[in-house]
There are 2 protein chains.
Amino acid sequence: MQLSDLSPAALAEELGQRLKQARLNANITQAELAKRAGVSRKIVLSAEKGQVQLENFAALLLALGLAEQLNNFIPKPQISPIQLQKLQGKKRERASGSRAGSNQPSDAIDEGEPSW
Amino acid sequence: MQLSDLSPAALAEELGQRLKQARLNANITQAELAKRAGVSRKIVLSAEKGQVQLENFAALLLALGLAEQLNNFIPKPQISPIQLQKLQGKKRERASGSRAGSNQPSDAIDEGEPSW
DNA sequence: CTATAAAGTGCAAAATTAGGAACTTTAATG
DNA sequence: CATTAAAGTTCCTAATTTTGCACTTTATAG
């Protein structure tokens with residue numbers, strides 16, 4: 001399955017289902033997970049449907065011992081090579097563009113080689 | 001850095017920062033990302049601080065072409081070996097426990113080998 | 001098959017987030 | 001160093017989420 005083909009809602013839902021499976025694999029109840037994560041049971045319930053604040057989702061991942069895996073997904077942001085050449089000393093804090101007229105913020109996301 | 005040492009809020013914040021770095025690497029503005037993701041600019045702003053609904057975070061990942069990476073983080077939930085032996089045909093939908101007294105939902109998360 | 005604990009629903013109140021526009025601050029191009 | 005667009009802030013309102021409790025449904029151990 002291609003996660004990138006899903007709608008935002010469907011993607012969030014998929015993440016919720018994976019969280020649920022992880023809980024079941026650990027064989028703990030929603031109530032127990034809620035207690036460990038320091039959130040209400042309702043949060044667990046709706047998180048498993050993908051409807052949850054990122055912070056609460058994070059709390060659940062931590063409680064399940066899954067937090068470290070996040071490094072694989074959004075790896076600690078290295079600075080892109082293109083920028084590396086540009087930046088002299090300081091790191092970029094804003095998106096740029098040519099200055100004329102107004103803007104062409106890099107029209108399409110650079111597919112192909114990961115930008116970092 | 002150990003993600004697992006962070007508080008839920010700090011972890012969410014870290015994810016937000018990584019999202020931001022990914023946007024900067026793609027060199028697109030918050031406004032442009034918002035447009036592409038179909039969300040308001042405020043969502044981008046607060047998402048980069050880690051305060052955002054999972055669904056909106058998902059929308060931003062999709063817009064940045066990062067969705068596929070999610071497979072690395074919460075891998076498609078395989079069924080744990082322990083369960084594989086138990087389940088005959090159907091897959092588990094609830095956490096269990098011994099039946100006596102009340103409950104001992106697997107006291108500690110099984111560290112060591114990943115449960116799947 | 002039965003008993004029972006886990007999971008899911010409903011409701012009202014409280015809290016937080018999101019929308020949108022206007023405005024301020026600041027990075028960084030030229 | 002000046003200009004200007006990106007990023008961040010503020011304010012008010014609308015929408016959504018979160019809580020907590022009670023209750024219903026359902027998976028599953030025995």
Side-chain angles (χ1 to χ4, degrees), chain A residues 8-9 12 16-17 19-21 23-24 26-60 82-83 85-106, chain B residues 8-9 12-13 16-17 19-21 23-60 82-83 85-106:
Chain A
Q17 289 175 350
L19 179 76
K20 178 174 186 172
Q21 188 62 54
R23 174 179 62 80
L24 290 176
N27 195 47
I28 61 185
T29 67
Q30 294 177 338
E32 178 61 20
L33 176 57
K35 194 174 72 179
R36 294 186 189 185
V39 301
S40 74
R41 189 168 70 90
K42 270 229 164 127
I43 292 285
V44 177
L45 199 49
S46 57
E48 293 184 350
K49 290 180 187 167
Q51 299 175 343
V52 66
Q53 201 70 17
L54 183 62
E55 176 175 336
N56 288 324
F57 195 74
L60 297 175
I82 323 135
Q83 289 194 31
Q85 78 181 106
K86 286 194 185 174
L87 66 79
Q88 302 110 321
K90 67 247 171 198
K91 61 169 171 294
R92 173 167 293 284
E93 299 183 358
R94 290 185 184 189
S96 67
S98 48
R99 216 50 175 298
S102 47
N103 52 339
Q104 280 93 343
S106 67
Chain B
E13 195 180 330
Q17 289 175 349
L19 179 75
K20 177 175 186 172
Q21 188 61 55
R23 174 179 62 79
L24 289 176
N25 284 344
N27 194 47
I28 61 186
T29 67
Q30 294 177 338
E32 178 61 21
L33 176 57
K35 194 173 74 178
R36 293 187 189 183
V39 301
S40 74
R41 188 168 71 92
K42 249 197 175 167
I43 294 284
V44 177
L45 198 52
S46 58
E48 293 185 350
K49 291 180 186 165
Q51 298 175 344
V52 65
Q53 202 70 18
L54 183 61
E55 176 175 336
N56 288 324
F57 194 75
L60 297 175
I82 325 136
Q83 287 193 32
Q85 79 182 106
K86 287 193 184 175
L87 64 79
Q88 302 109 324
K90 68 248 170 193
K91 63 171 171 296
R92 174 167 293 284
E93 299 183 359
R94 289 185 185 188
S96 67
S98 48
R99 216 51 175 297
S102 47
N103 52 339
Q104 280 94 344
S106 67

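Residue numbering restarts at 1 for every chain, and letters A, B, ... go by the order of the sequence lines.
Here the straight-line distance linking atom CD of A:Glu48 with atom CD of A:Gln21 works out to 10.0 Å at 0.5 Å rounding. Note that CG of B:Leu19 is 13.5 Å distant from NZ of B:Lys49, once rounded to the nearest 0.5 Å. Within the model, atoms CG of A:Leu24 and CD of B:Glu93 stand 8.5 Å from one another, a figure rounded to the nearest 0.5 Å.
The side-chain hydrogen bond (donor to acceptor under 3.5 Å, both in side chains) check on A:Gln51 picks up nothing, with sequence neighbours excluded. Shown here are the side-chain contact (heavy atoms from CB on, under 4.5 Å) partners of A:Ala37, two or more places apart in sequence or in another chain: A:Val39, A:Ala59, A:Leu60, A:Ala63.
Rounded to an integer number of Å, the gap from A:Asn27 CG to D:dA27 P is 17 Å. Rounded to an integer number of Å, the gap from NZ of B:Lys35 to P of D:dA6 is 11 Å.
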remark   = Protein-proximity profile, nucleotides 7-23 of chain D, B/S/- by nucleotide at the 4.0 Å heavy-atom cutoff, equals BBBBB-----SSBB---
